[in-house]
Amino acid sequence: MDSIDCKCTKGRLVIYSWAGEPIDRELGETWPRAIARWFAQLAANQEFAAGNLDSRQFNKYKMRTEAYVESRIDRIVQGRLLPGSEVMRVSMARNGSVPMFEFRWFPMQRLLKLRKRELIRQYEAEPPSEGDRVFGLHMHLKTVESEDERQIKAMQNEQISIAIRFLSQRKRKGWPEN
């Protein structure tokens with residue numbers, strides 16, 4: 001993945017919407033809040049199932065993750081992400097007409113048993129036809145427990161492929177209005 005300047009790094013406000021897996025929004029709820037709530041539940045369940053999270057810490061982990069993700073999406077909206085360290089162009093999607101970027105986030109959760117550092121990845125599309133609008137496509141916890149770098153890369157590529165599928169669907173069916 002090559003470093004590149006995207007709309008979310010220019011210091012100007014962008015309009016953020018979600019174009020990935022279905023996420024329920026409560027009445028009046030913003031996309032950053034809805035995505036953070038959805039992802040925090042997903043991440044907490046994943047870490048608990050993997051044995052990385054104690055049941056006593058589940059709600060605390062979920063609340064911290066939700067706050068962290070919402071703060072990161074707020075930085076997207078403000079156009080304050082850092083190119084190269086937080087934002088990379090996705091090389092697997094390079095041949096497409098719509099730029100796709102990976103956002104790299106590193107929350108510091110001391111609640112997990114087996115992992116010292118957590119890695120969150122979000123993929124986002126910037127259709128030129130949509131002006132200042134950007135669209136979240138997919139978000140996941142990056143798994144790095146394996147000793148095999150090829151396995152880690154293969155698992156990451158599977159997640160990128162999910163985002164590319166959402167991107168392809170949206171290019172065919174259109175981008176959400178909200």
Side-chain angles (χ1 to χ4, degrees), residues 1 6 8-9 13-88 90 100-125 134-149 151-163 165-166 176 178:
M1 293 184 213
C6 78
C8 301
T9 64
L13 292 177
V14 297
I15 300 164
Y16 183 87
S17 293
W18 187 254
E21 45 263 91
I23 296 176
D24 292 328
R25 282 172 64 190
E26 297 173 6
L27 185 62
E29 188 175 43
T30 64
W31 273 119
R33 167 67 65 188
I35 293 163
R37 181 180 41 77
W38 163 79
F39 183 75
Q41 184 68 49
L42 183 85
N45 287 339
Q46 181 178 330
E47 294 293 12
F48 182 73
N52 293 334
L53 183 61
D54 188 286
S55 63
R56 294 172 296 184
Q57 300 294 330
F58 186 89
N59 286 333
K60 188 174 185 179
Y61 172 86
K62 191 170 77 168
M63 288 187 311
R64 283 185 184 179
T65 301
E66 184 174 332
Y68 181 83
V69 169
E70 186 173 12
S71 73
R72 294 298 161 210
I73 295 175
D74 286 342
R75 288 187 68 224
I76 292 170
V77 170
Q78 295 167 11
R80 293 183 39 223
L81 296 183
L82 302 172
S85 60
E86 286 183 301
V87 180
M88 302 294 285
V90 177
M100 187 171 120
F101 299 94
E102 176 184 81
F103 299 151
R104 298 174 170 191
W105 299 330
F106 309 93
M108 298 303 288
Q109 292 278 6
R110 299 284 181 220
L111 303 173
L112 300 176
K113 294 178 185 177
L114 304 175
R115 192 181 310 140
K116 292 180 182 154
R117 193 162 161 174
E118 191 171 29
L119 308 174
I120 297 175
R121 300 295 185 254
Q122 181 183 353
Y123 303 96
E124 154 305 317
V134 300
F135 297 89
L137 298 170
H138 182 59
M139 184 181 281
H140 70 96
L141 290 175
K142 182 174 180 178
T143 304
V144 293
E145 279 81 26
S146 174
E147 297 288 325
D148 183 357
E149 289 294 322
Q151 183 182 17
I152 292 170
K153 186 169 182 70
M155 289 188 301
Q156 180 72 10
N157 286 344
E158 285 176 30
Q159 298 295 326
I160 293 170
S161 293
I162 292 169
R165 281 195 298 274
F166 284 118
N178 55 359

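Values below: all heavy atoms of this structure, side chains included; hydrogens, waters and symmetry mates excluded.
Contact between Ala40 and Thr65 at its shortest, heavy atoms only, is CA-CG2, 3.9 Å. Nearest approach of Leu81 to Ile76, heavy atoms of both residues: CD1-CG1, 3.5 Å. The nearest pair of heavy atoms linking Asp54 to Arg56 is OD1-N, 2.8 Å. Shown here for Val90 and Glu102, the closest heavy-atom pair between the two residues is CG2-N, 3.7 Å.
Between Phe101 and Val134 there is no side-chain heavy-atom pair separated by less than 4.5 Å. Counting only heavy atoms from C-beta outward, the side chains of Leu141 and Leu119 never approach each other to under 4.5 Å. Ile23 is listed as a side-chain neighbour of Trp31, based on a closest heavy-atom distance under 4.5 Å. A 4.5 Å side-chain heavy-atom check between Glu66 and Arg33 finds at least one atom pair inside the cut-off.
The one candidate from Gln122, Met100, Glu124, Glu21 that meets the side chain to side chain contact (heavy atoms under 4.5 Å, CB included) condition with Leu137 is Met100.
Once rounded to the nearest 0.5 Å, the distance linking CZ of Arg64 with CG of Asn59 reads 12.5 Å. Atom CZ of Arg121 is separated from atom CD of Gln156 by 6.0 Å, given to the nearest 0.5 angstrom. To the nearest 0.5 Å, atom CZ of residue Arg104 and atom NZ of residue Lys142 are 6.5 Å apart. Considering OH of Tyr68 and CD1 of Ile120, their distance stands at 6.0 Å, rounded to 0.5 Å. Interatomic distance, CD of Gln46 versus CG of Leu53, reported as 11.0 Å (0.5 Å rounding). To the nearest 0.5 angstrom, Trp18 atom CH2 is 8.0 Å from Phe166 atom CZ.
Within 6.0 Å of CZ in Phe58 there are more than 12 heavy atoms belonging to other residues, nucleotides or ligands. Around the CZ atom of Arg75, the shell of radius 6.0 Å holds more than 12 heavy atoms that belong to other residues, nucleotides or ligands.
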CA sep, side-chain torsions, deciding dist, call: Glu47, Tyr61, side chain to side chain contact (heavy atoms under 4.5 Å, CB included) = CA-CA 10 Å; Glu47 294 293 12; Tyr61 172 86; 3.5 Å; yes
Arg165 and Ile162: side chain to side chain contact (heavy atoms under 4.5 Å, CB included), yes or no, with the steps?
-> CA-CA 5 Å; Arg165 281 195 298 274; Ile162 292 169; 3.2 Å; yes
Walk me through it: do Gln78 and Asp74 pass the test side chain to side chain donor-acceptor pair (under 3.5 Å)?
-> CA-CA 6 Å; Gln78 295 167 11; Asp74 286 342; 5.7 Å; no
Check against side chain to side chain contact (heavy atoms under 4.5 Å, CB included), Met139 and Val69 | CA-CA 10 Å; Met139 184 181 281; Val69 169; 3.9 Å; yes
For the pair Lys62 and Arg37, evaluate side chain to side chain contact (heavy atoms under 4.5 Å, CB included) and give the outcome as yes or no after the intermediate values.
-> CA-CA 8 Å; Lys62 191 170 77 168; Arg37 181 180 41 77; over 6 Å; no
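Side-chain atoms of Thr9 come within 3.5 Å of backbone N or O of Cys6 as a donor-acceptor pair.
Using bins of under 30°, 30° to 60° and over 60° for the plane-to-plane angle, the ring pair Tyr123/His138 lands in the parallel bin.
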